[in-house]
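Beneath this line is the structure, given in structure tokens, with notes to follow.
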Amino acid sequence: RKSLCGIKHDSNLTKHTNLPDLPACFQLSVLPWTPCIFLWLASPFYILYLKRNNRGYIMMSILNRIKTVLGLILWIVCWTDLFSSFHEMSQNQSKPPIYFVTPLIVGMTMLLATFLIQYERLKGVQSSGVLFIFWTISVLCAIVPFRSKIVYQNGVEDKLRFTMFYIYFGLTLIQLILSCFNEKPPLFSSVVTDPNACPEITAGFLSKMTFWWFTSMAIKGYKSPLENKDLWSLNKQDSSELVVPNLLNEWEVEKSKEQAAFRKAGPGAEPNHMSVNPEEEEEEEEVLLSKRKEVRQPSFLRALLRAFGPYFLIGSAFKLLQDLITFVNPQLLRLLIDFTKQTNAPLWWGYSLAFLMFGTSLLQTLILHQHFQYCFVTGMRLRSGIIGAIYRKALAITNEAKRSSTVGEVVNLMSVDAQRFMDLTTFLNMLWSAPLQIILALFFLWQVQRHTFQYIYTLPLPSVVQTIIIFIQNVWQVLFLKEMYQIQSMILGFGFFQHIIIYMRLFAYLWCGNCFIKAIRHNLVTRDLFTVQHGFSYLIAYKSVYVQCHVMWLSACHVINGVCVQGINLSGGQRQRVSLARALYSEVDVYLLDDPLSAVDAHVAKHIFDNVIGPEGALKGKTRILVTHGISFLPQVDNILVMVDGRVSEMGSYQDLLKQNGAFAEFLRNYSLEDIIEVDEVTVSLVDEEEEEEFPEDALSNHTDMVDNEPVVNEARRQFMRMLSTCFDSSRVSSQDVCVLCVLQVKFKVYWEYAKAVGPFLSLFICFLYGCQSAASIGANFWLSEWTNDAQHNRTQEQVSMRVGVYAALGISQGVLVMFSSFTLALGKIQAARKLHQTLLDNKFHTPQSFFDTTPIGRIINRFSKDIYVIDEVLPSTILMFLGTFFASLSTMIVIICSTPIFALVIGPLALIYFFVQRFYVATSRQLKRLESVSRSPIYSHFSETITGTSVIRAYGRNAAFVLMSDMKVDENQKSYYPGIVSNRWLGVRIEFIGNCIVLFAALLAVIGKDKLSPGLVGLSVSYALQVTMSLNWMVRMTSDLESNIVAVERVKEYSETQTEAPWIVTDKQPPPDWPPKGNVEFVDYSVRYREGLDLVLRNISLKVEGGEKIGIVGRTGAGKSSMTLCLFRLLEAADGEIVIDEVKISEIGLHDLRSKLTIIPQEPVLFSGTLRMNLDPFEKYSDEEVWKALELSHLKRFVSNQTSKLDLECSEGGENLSVGQRQLVCLARALLRKTRILVLDEATAAVDLETDDLIQSTIRTQFEDCTVFTIAHRLNTIMDYTRVLVLDKGQIAEFDTPTNLMAQKGIFYGMAKDAGLA
């Protein structure tokens, strides 16, 4: 040291004095070199980072010029010292090497700093973290010599160096102050173009480290409720636009590696290789087995790691640094305890230790929250990427692969599994961090072992919601309730392998088959005819031209005012017409029309054909390929293609096929009438006039006014709802899309509801156990503190057995209490989750149809998926953490006040700051959580709609538009999620600062009162203070999380208490078991409306139907035909009047008793995931013989017999592996099994061909001969032999008589029959 500096230092001047000073050599070497070493080590990495992340160009500003000039002056100052040394050497004054080395190093470093100032400007950096740290270290290292020169100033020998040092110190201090200010934004940056850009982009280094840039939103959220327009735009690098393609590119790379490996494995080993013959495929698999074993599967995990790993690793580096700093404070505490033991130790040493502990804690806080920020942003990007990948996959998946997973399962991937992946990133670093902390702790414990040391769900749900009406009509709620309860019980008891299973599910979904659509072009205008099971719809599904699908899919968009989710509030015919209009609007050359006339009346079908499809329609000159079961328009088409069993049997014009006298001609002779073409011109003109008047009113059904029919909310909520901007477009959206938000504080009632669900006694008992647990912990630590003091009084040997015994008893009791409190909390959690889920599910199965008409499916799924997930898993852990942190914070205050009572004075101001920060945070955080929750539902709604309408989206080539819509909805959701995670960081830094102040004051008070305090008590007090930082932070966070997550209980309770239907069973009004014996049905002055406040859809209907009569119900679209059948099942309750069945008023009996005695074959056949037998006989009431008999009568026996699994044939979701006609026949078989006295057919044969229709009608005539049958029919020929026909018009009875009499009257029925070619 002497050879380097030429000075020898007296060690007594450093520590053993009340006026300490560092050695002069240390001040000349280590202190000035430290910042230089930092900058030279950091610069290569920083320059490389800036080179890769160019943000634009910043114009030279005054601030930049001043920093540059000061940097150059600092270089001159340093080298003035250097040249001064050379000058002295030339004057034969020998100087130690340190006077040459230090100015040279520091001068070079100042040049490097000046270069970085300019390089950062060219790369668009507004605030430099590296330079801020460099100037901070420089100032801190210069403070010591600055003090020394003032304290030991006995006359200045070297005036030049003395002056230069003060100039150096002043300039570095100015540079530090200037580095706190920001440069202007780069030219053409998003900050300039975006009116609501996130302030993080322009925030300075200090602001980013302390999250000060978020303060404006915290204040705004505290002052007034946050709205959607208050949220900042999502940062570009976090948006789906960049995140999703990045992940998909990595996934493609992964898949291409796998395919390359397959090619190496040999020809025929491709993963997508398909064989027609299953046996051949099995043999091939065996041959290739050895090759395939060597080839690895593509890893989705590897793709995720490559896409998001580098950013996540920065967070991991922060975590490593924080873990190492964590062990500094215990070492400082050990020194503080040693200090209290020494009577003659100088006070400055104790104060230094106190402030060092404070500084270390502060640094630890800042680093920890940077780690969390990186982890949470990674999780957010991960979720966006996974949702985007799943959505894009859903649009590209093949029909075969689609059938392997239900809509519920896929929505679950997006809602729950993507969320779990996001949650996982937060704790992923704990895999290596926890073992590292344990190893370091054990190492330090081993080091000091000789010393005293004092201080360690939805899977079937979308199906149910979408088809709730079928459940109600068939009285299946009980069965599915039981199944849902069983599933939930399994979920509650399951959790260990969740994340592994989630990963496997995601991988399986993303790896299943893509849809390869083949372009097939026909330069013909053809009219195609096919019968059920002959497969023309399958052929059409693979054409890359525009399709008007038989599946009438509507998205919940705002193109058409009043169209509700999936068009649920439109009649079948209206949906088909909207779908047809969409096809017409697309303006392409080829149109594939898959039975678009099946759900419309004859006169509407004629109107559509004449004005759209036919030779003179809007599509003339275009290629039209039409699949149809109707025959009335066949003479007007150019070519007919007849398909039988998936093959073309005949082809030609109408006249050619008649001349061939083949199967087609025979078919026509059976089902056609001679005067099919001859139409009375006068009647046509009359009908056309009627249509022109009718269609504008009829464009939408008369119950689509969604705004007035939102479930009733209180006036305060209504007023606030009007203030809210919407999730998508702040300018104009119906209130249907704005989830009502309660901005008032969460009421105590909600907490009480959850406590009741847990059990009031159990809730109190849990709190009591946690209190006892904390008391035992404090007791054990106080006892340990007293025990350590025994050594000072030489009482160690006397009381060993007593000390050990009491300490062991307190430790064991603490362990037992922890176990019991955890166990009781787990019991309460399961009990509450089960109770709330069952109440919600029970209510939804009792909810009237109107609720499902007005509530988007995404909102209902959100209650059953996200909200139940929160109640199942998030809320219990939040309560656990809240109770733990609350009692830990309370314990700390008790311990510190007991050891240093003066600390009570400090608690007041700190508590005040704590309260204000907590209020700001909780107010803002809660609103952000709610905004995030509101914007989440549209993602799932849009996704479930997309899955339903995949074929339509693909056919119209609208994939890109729908992907963009999905990305926008995800980004909209992340816009409220991102401020939410930043608010946690903002809170953490501020609350932990209060905790760090507690550490500082506890240590300072220990130093001040060291003569009165025992070392054990000092150790106990300060170690508790060190723990309180995290406890306080988590307590505020958990308070907010509790308020935010309890909203899930509020939301579930809201949907659990919606208005229910009438009771299922009314005990004192139960009809006899054989009711109804005859099947007489009477409507007495009956009126009905869909919901309160809407117009009547049926007005004053009075009619009497005798048992065994067959009644046909006809009328134009929207006349009230389906409404009439809904009234029989009491899906709509009477506004006035009565329905009487066999002298029993149906309004007085239970719904279960009523609906179990009625059978319906619905307009849209519904099947559920499961076996064919389950779909036919869910309650397993009937024998196999009876089921086969029903299949035979419904003309399905041959088809089922040909299947290998027979009755155990697996039906995919919605029965998608069966044709529409086959599904309808399954519904018929279901009705044959039930065989009730009253049967309702709601356009049940619209989707089947005429031949099958004829078979169905003959089955109904024979098998339901003694039953009362109500048939809503568009094909009038099916009801011409019925007892009577009821003609409805605008909700009233227009005509009601036998078909013969009605034809003779030449009224509305006659006009409809004439349109259909039956008159």
Side-chain angles (χ1 to χ4, degrees), residues 473 1071-1072 1074-1086 1088 1098 1100-1115 1119-1130 1134 1137-1146 1154-1163 1193 1228 1231-1232 1234-1245 1253-1254 1256-1289 1292-1305 1307-1310 1312-1313 1318:
Q473 287 170 339
D1074 62 340
W1075 178 85
K1078 298 175 186 173
N1080 296 339
V1081 179
E1082 186 179 359
F1083 284 75
V1084 183
D1085 199 22
Y1086 192 84
V1088 75
L1098 292 177
N1100 307 320
I1101 301 284
S1102 291
L1103 59 95
K1104 191 167 185 179
V1105 177
E1106 297 297 327
E1109 276 195 290
K1110 309 291 180 282
I1111 305 295
I1113 304 173
V1114 297
K1121 304 185 295 293
S1122 292
S1123 305
M1124 194 165 174
T1125 59
L1126 296 179
C1127 297
L1128 279 170
F1129 287 88
R1130 282 179 64 193
E1138 287 284 357
I1139 299 175
V1140 181
I1141 298 177
D1142 281 353
E1143 299 173 4
V1144 173
K1145 291 179 181 178
I1146 67 167
L1154 170 66
R1155 291 168 184 167
S1156 61
K1157 301 297 183 179
L1158 307 176
T1159 301
I1160 187 167
I1161 303 178
Q1163 180 178 1
L1193 291 169
L1228 174 65
L1232 286 162
R1234 279 170 66 109
K1235 198 150 187 197
T1236 55
R1237 277 280 170 196
I1238 297 168
L1239 172 69
V1240 178
L1241 283 83
D1242 186 357
E1243 300 174 22
T1245 57
D1253 189 4
D1254 200 39
I1256 291 172
Q1257 293 300 333
S1258 65
T1259 302
I1260 289 167
R1261 284 187 204 101
T1262 54
Q1263 297 303 312
F1264 295 96
E1265 188 179 359
D1266 55 345
C1267 299
T1268 308
V1269 178
F1270 292 91
T1271 301
I1272 297 172
H1274 285 143
R1275 291 182 185 165
L1276 298 187
N1277 61 309
T1278 60
I1279 58 165
M1280 293 305 280
D1281 62 342
Y1282 273 32
T1283 319
R1284 285 187 286 173
V1285 172
L1286 172 68
V1287 182
L1288 289 174
D1289 187 34
Q1292 294 177 308
I1293 298 175
E1295 298 171 7
F1296 187 36
D1297 210 334
T1298 62
T1300 313
N1301 291 347
L1302 290 179
M1303 293 293 280
Q1305 287 173 20
I1308 296 174
F1309 183 73
Y1310 173 78
M1312 293 172 77
L1318 298 173

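Keep in mind it's a predicted model, so treat the numbers as computed, not measured.
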Show your working on side chain to side chain contact (heavy atoms under 4.5 Å, CB included) between Lys1121 and Val1287 and close with a plain yes or no. CA-CA 9 Å; Lys1121 304 185 295 293; Val1287 182; over 6 Å; no

Just wondering, more than 12 heavy atoms not from Gln1305 lying within 6.0 Å of its CD?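 Yes.
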
Backbone N or O of [Y] within a donor-acceptor pair of the [X] side chain at under 3.5 Å?
X	Y	value
Asp1297	Leu1302	no
Asn1080	Asp1142	no
Trp1075	Ile1141	yes

pair Leu1286-Ile1293: side-chain heavy atoms closer than 4.5 Å: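 Of all side-chain heavy-atom pairs linking Ile1293 with Leu1286, at least one is under 4.5 Å.
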
Within a strict 4.5 Å, meaning less than it, do heavy atoms of the Ile1238 and Cys1267 side chains meet?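 No, their side chains stay 4.5 Å or more apart.
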
Which residue pairs pass the side chain to side chain donor-acceptor pair (under 3.5 Å) test with at least one member in residues 1106-1115, sequence neighbours excluded?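 Sorted pair list: Glu1109-Arg1284.
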
Partner residues of Tyr1086 under the ring-ring contact (aromatic ring centres under 6.0 Å, His included) criterion, sequence neighbours left out: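 For Tyr1086, the residues satisfying ring-ring contact (aromatic ring centres under 6.0 Å, His included) (neighbours in sequence not counted) are Phe1083.
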
Phe1309: what forms a ring-ring contact (aromatic ring centres under 6.0 Å, His included) with it, not counting sequence neighbours?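 Phe1309 satisfies ring-ring contact (aromatic ring centres under 6.0 Å, His included) with no other residue.
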
Holding to side-chain contact (heavy atoms from CB on, under 4.5 Å), I want the full list of residues that pass it with Glu1082, two or more places apart in sequence or in another chain.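 Expected list: Val1084, Lys1104, Val1140.
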
Partners of Asn1100 by side-chain contact (heavy atoms from CB on, under 4.5 Å), sequence neighbours excluded?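 So Asn1100 forms a side-chain contact (heavy atoms from CB on, under 4.5 Å) with Asp1085, Ser1087.
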
With respect to Val1114, which candidate in Asp1289, Ile1279, Ile1272, Thr1271 satisfies the side chain to side chain contact (heavy atoms under 4.5 Å, CB included) definition?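 Between Val1114 and the candidates, side chain to side chain contact (heavy atoms under 4.5 Å, CB included) is satisfied uniquely by Ile1279.
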
Just to verify, what does Asp1266 make a salt bridge (charged side-chain N to carboxylate O under 4.0 Å, His left out) with, not counting sequence neighbours?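 Residues passing salt bridge (charged side-chain N to carboxylate O under 4.0 Å, His left out) with Asp1266: Arg1237.
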
Would you check, one step at a time, whether the test side chain to side chain contact (heavy atoms under 4.5 Å, CB included) holds for Leu1232 with Phe1264? CA-CA 8 Å; Leu1232 286 162; Phe1264 295 96; 3.6 Å; yes

